[in-house]
Amino acid sequence: MTLPLQARVVIVGGGIAGCSTAYHLAKLGITDVLLLEQGKLTSGTTWHAAGLVGQMRPNRTMTGMSRYGIELYATLEQETGLATGWKQCGSVNVASTPERMKVLKKQLALARSFGVECQEVSPREAGELYPVMRTDDLQGALWLPGDGKANPADLCMSLAKGARLRGVTIVEDTEVTGVLSGNGRVRGVRTAQGDVACEALVNCGGQWARQFGALAGVNVPLYSAEHFYVVTGKIDGVHPMLPVMRDPDGFIYYKEEVGGLVMGGFEPKAKPWKMDPIPSTFQFQLLDEDWDQFEVLMTNAMHRTPCLQTAEIKMLLNGPESFTPDGNFILGEAPELRNYFVCAGFNSAGIANSGGAGRLIAEWIAGGEPSTDVWDVDIRRFGAFTGNRKALAERTGETLGLHYAMRWPRQELETARPLRTSPLYDMLAAKGAEFGSKNGWERANYFRRGGAMRPPHTLGAPGWLPWMVEEQEATREAVAIFDQTSFAKLLLQGRDALAVLQRLCANEMDAPVHKMVYTPMLNARGGIESDLTVTRLAADRFLVVTGSAQATRDADWITRNIREDEHALLTDVSALTCVLSVMGPKSRELLARVSPDDLSPGALKFSWTKEIDLGHARVRAARMSYVGGPGFELYVPVEMTRHVYLALQEAGAGLGLRDAGYYAIDALRIEQGRRAWGAELGPDESPWEAGLAFSVRMDKPSEFTGREALLAARAQPLRKKLVTLVLQDARAYAWGGESILLDGATAGEISSAGFSPLANACVALGYVRGAGAQSVHSGTDAAIDLWGKRVAVKLYDSWPPR
Ligand SMILES: Cc1cc2nc3c(=O)[nH]c(=O)nc-3n(C[C@H](O)[C@H](O)[C@H](O)COP(=O)(O)OP(=O)(O)OC[C@H]3O[C@@H](n4cnc5c(N)ncnc54)[C@H](O)[C@@H]3O)c2cc1C
């Protein structure tokens with residue numbers, strides 16, 4: 001077939017992601033779409049997927065996305081006339097350890113909160129649902145009647161037909177070999193059959209998406225792993241409506257197929273497929289069997305379903321699938337090139353997720369921005385460094401197994417670390433720092449004391465709690481030093497820098513030089529795209545400081561909103577400056593010992609900064625505190641950070657100075673009701689809902705993005721409201737993600753939780769949704785579901801009550 005000379009959107013890749021994207025673009029009325037596939041439709045990874053389709057995801061938005069996919073799969077055949085193999089057979093998820101059962105109970109509470117039908121069932125009932133399973137060693141199970149299975153290739157072809165029926169052109173046997181761009185935008189694609197001009201491109205290249213992205217300088221950090229399942233002959237008692245079964249403690253899953261079982265899983269140590277580049281001729285192909293790699297899954301399966309000990313094994317399928325550094329897929333417009341979209345990296349859940357992901361990316365293309373909060377899967381969560389192939393291969397060996405591994409609260413990934421480190425890293429490590437990683441940055445979470453080892457993971461009160469409490473007490477009663485170097489720092493400069501900020505920020509940004517302003521940046525829906533502090537360094541120069549995870553995202557948001565005729569340039573200067581936060585009532589006394597400059601409240605008011613001498617260094621001191629209470633953030637040139645830290649340590653003798661970490665920061669800020677972007681704040685939360693009205697200046701002279709939406713929302717009742725929750729049982733330890741119950745009914749979820757010495761209990765933040773948002777007042781009685789048990793809480797508008 002000859003290619004058209006142009007199309008509005010070109011989709012690269014004819015797997016389920018590409019076909020779903022095409023289908024949804026067409027459904028939104030964008031029909032001038034050309035899908036190019038180097039082989040045949042489904043010939044990449046889609047054709048050999050097992051086809052399990054589950055609804056539950058870790059949060060509300062992503063669960064909504066999966067549920068939409070299931071609704072679509074259930075009705076697609078009627079629409080297109082092409083069978084999808086969809087069967088709503090339900091799924092049984094079993095637990096064989098008490099801890100796993102607690103995790104399932106948390107999922108049950110969340111499922112109810114998200115509107116997913118879900119029941120707890122006994123081992124006996126699980127056995128009735130899944131008769132070929134051994135149940136004598138089970139703790140219990142969850143039953144999700146709405147889950148199901150599909151035939152991946154048929155489903156993909158049905159989506160393709162739906163797209164074609166609406167006008168999409170699909171061309172097979174056409175490899176896209178290059179991307180044409182100009183002026184920072186996609187202009188077209190190159191193929192052996194000629195160039196095709198386009199306004200937008202969607203990289204749905206599956207495991208090829210990274211190498212295809214690299215053709216245009218776009219980072220798509222994914223890497224393939226060998227991925228396995230066995231297919232058996234017919235087994236007695238196995239029928240087409242037998243539920244899907246997952247035994248995460250055994251790392252395995254099952255699905256019925258032609259009267260037999262498909263059994264696969266997620267072995268704890270996976271095998272990256274070190275093929276670089278992946279040839280374009282790898283179509284309808286598989287990799288060699290590897291029974292050694294599969295052994296752990298087979299052993300566990302023969303235990304769980306003894307019928308496998310004698311069943312005929314027809315084949316051990318080994319097909320490569322792409323995995324990402326955090327186990328979530330990759331969606332969105334690439335920060336490197338405008339109108340270059342990505343929908344790839346599905347971590348062995350592409351059949352389940354593509355229905356929803358295709359719709360999200362289509363909405364993003366059509367609307368110019370995402371329709372909802374997609375941060376979990378947003379391509380901008382990855383910095384350029386994540387494209388390193390050695391790191392990707394090592395991480396893929398880890399993330400595949402995370403699917404079914406017991407995930408403990410605050411568990412850190414271990415591969416490809418340490419990578420980004422502050423100059424204090426080795427010194428803090430020698431002092432017992434236990435590090436976590438955020439956007440590649442190593443950050444001290446807490447400091448072990450007395451040469452103790454890292455305490456084991458737990459669902460209850462953690463072993464590090466006493467150490468963290470000491471760090472909290474030092475912050476509240478003496479002085480603590482936090483290395484917050486991982487903060488993202490963006491320098492915005494130019495004649496129109498102020499105008500850009502005034503338009504993007506809801507607060508008044510025309511502040512005097514040296515003043516720091518806390519502000520949200522809003523989208524047109526009035527949702528919070530970011531919250532950040534901006535220090536005016538000069539009339540035309542501003543230092544934007546934002547969360548460690550959001551460097552790429554916020555830089556992208558700001559730069560894409562600089563108009564062509566505006567003179568403003570943004571530079572990521574994160575790695576030039578370290579941040580040492582000196583917090584606590586004795587912080588001023590400590591700084592007075594190392595600096596001759598006047599830091600008294602009269603000389604440096606709250607939210608102001610000034611350049612000071614510190615030891616032999618020059619640093620910028622800001623009177624600012626995220627943890628609450630008195631304190632200073634010190635912005636220190638990287639090369640002087642060691643000197644400054646040592647000077648502070650030496651001067652701190654006798655003041656009770658303590659090194660403290662991010663767990664203390666988090667618990668302290670929650671105690672003070674400080675919000676965090678990604679937890680309490682996001683594109684779906686307005687400043688009204690988040691209780692950030694103080695940071696919005698509706699009356700500022702210049703118009704700002706989101707103002708209209710805020711004005712409209714102000715006239716309406718709140719859809720949800722952020723509250724502080726104080727647990728009434730001092731022994732109960734909450735971690736975040738628990739559901740909130742108001743009068744016994746689910747009303748929302750906890751966004752962050754931490755221990756508060758002030759309350760002598762855990763304190764949490766969370767949104768109460770719907771009617772409850774109106775009725776909550778300070779002191780309202782409520783409950784949370786903590787690992788399946790009700791724990792009484794009191795709700796407050798703000799806490800501690802003032
Ligand atoms: C063993 C196994 C079991 C699985 N089980 C399940 C399951 O039970 N449930 C589930 O949800 N998921 C499952 N998956 C995962 C699922 O198969 C994938 O996530 C999904 O198929 C990915 O779809 P995709 O469209 O992103 O990729 P693909 O299907 O690989 O499609 C990408 C396409 O892009 C094409 N392409 C690449 N580069 C170019 C180019 N330059 N020009 C033109 N075309 C190009 C390729 O040829 C390919 O056809 C499983 C995967 C495996 C390996």
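When a ligand or atom number is given, it counts from 1 through the structure's own listing order. Predicted, not measured: the structure shown is a model, and the values here were computed from it.
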Below 3.5 Å, can you tabulate the donor-acceptor pairs from side chains in residues 258-266 to any protein atom, sequence neighbours excluded?
none

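- Of the candidates Asn353, Asn328, Thr63, Asn353 is the only one forming a side chain to side chain donor-acceptor pair (under 3.5 Å) with Arg57.
- The protein residues lying under 4.0 angstrom from ligand 1, judged by non-hydrogen atoms, are Val12, Gly13, Gly14, Gly15, Ile16, Ala17, Leu36, Glu37, Gln38, Gly44, Thr45, Thr46, His48, Ala49, Ala50, Gly51, Leu52, Thr174, Glu175, Val176, Cys204, Gly205, Gly206, Trp208, Phe212, His227, Tyr229, Tyr253, Leu317, Gly319, Glu321, Phe346, Ser348, Ala349, Gly350, Ile351, Ala352.
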Please output the side-chain donor-acceptor pairs of residues 24-34 that fall under 3.5 Å, not counting sequence neighbours, one pair per line with the distance.
from  : atom 1 : to    : atom 2 : distance (Å)
His24 : ND1    : Ser20 : O      : 2.8
His24 : ND1    : Ser20 : OG     : 3.3
His24 : NE2    : Tyr68 : OH     : 2.5
Lys27 : NZ     : Tyr23 : OH     : 3.2
Asp32 : OD2    : Arg8  : N      : 3.1

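- Under a cut-off of 6.0 angstrom, the local environment of CD in Glu295 is sparse, with at most 12 non-hydrogen atoms contributed by other residues, nucleotides or ligands.
- Distance SG/Cys19 to CG/Leu159: 6.5 Å, rounded to 0.5 Å.
- Residues forming a side-chain hydrogen bond (donor to acceptor under 3.5 Å, both in side chains) with Gln193 (at least two apart in sequence, or on another chain): Thr174.
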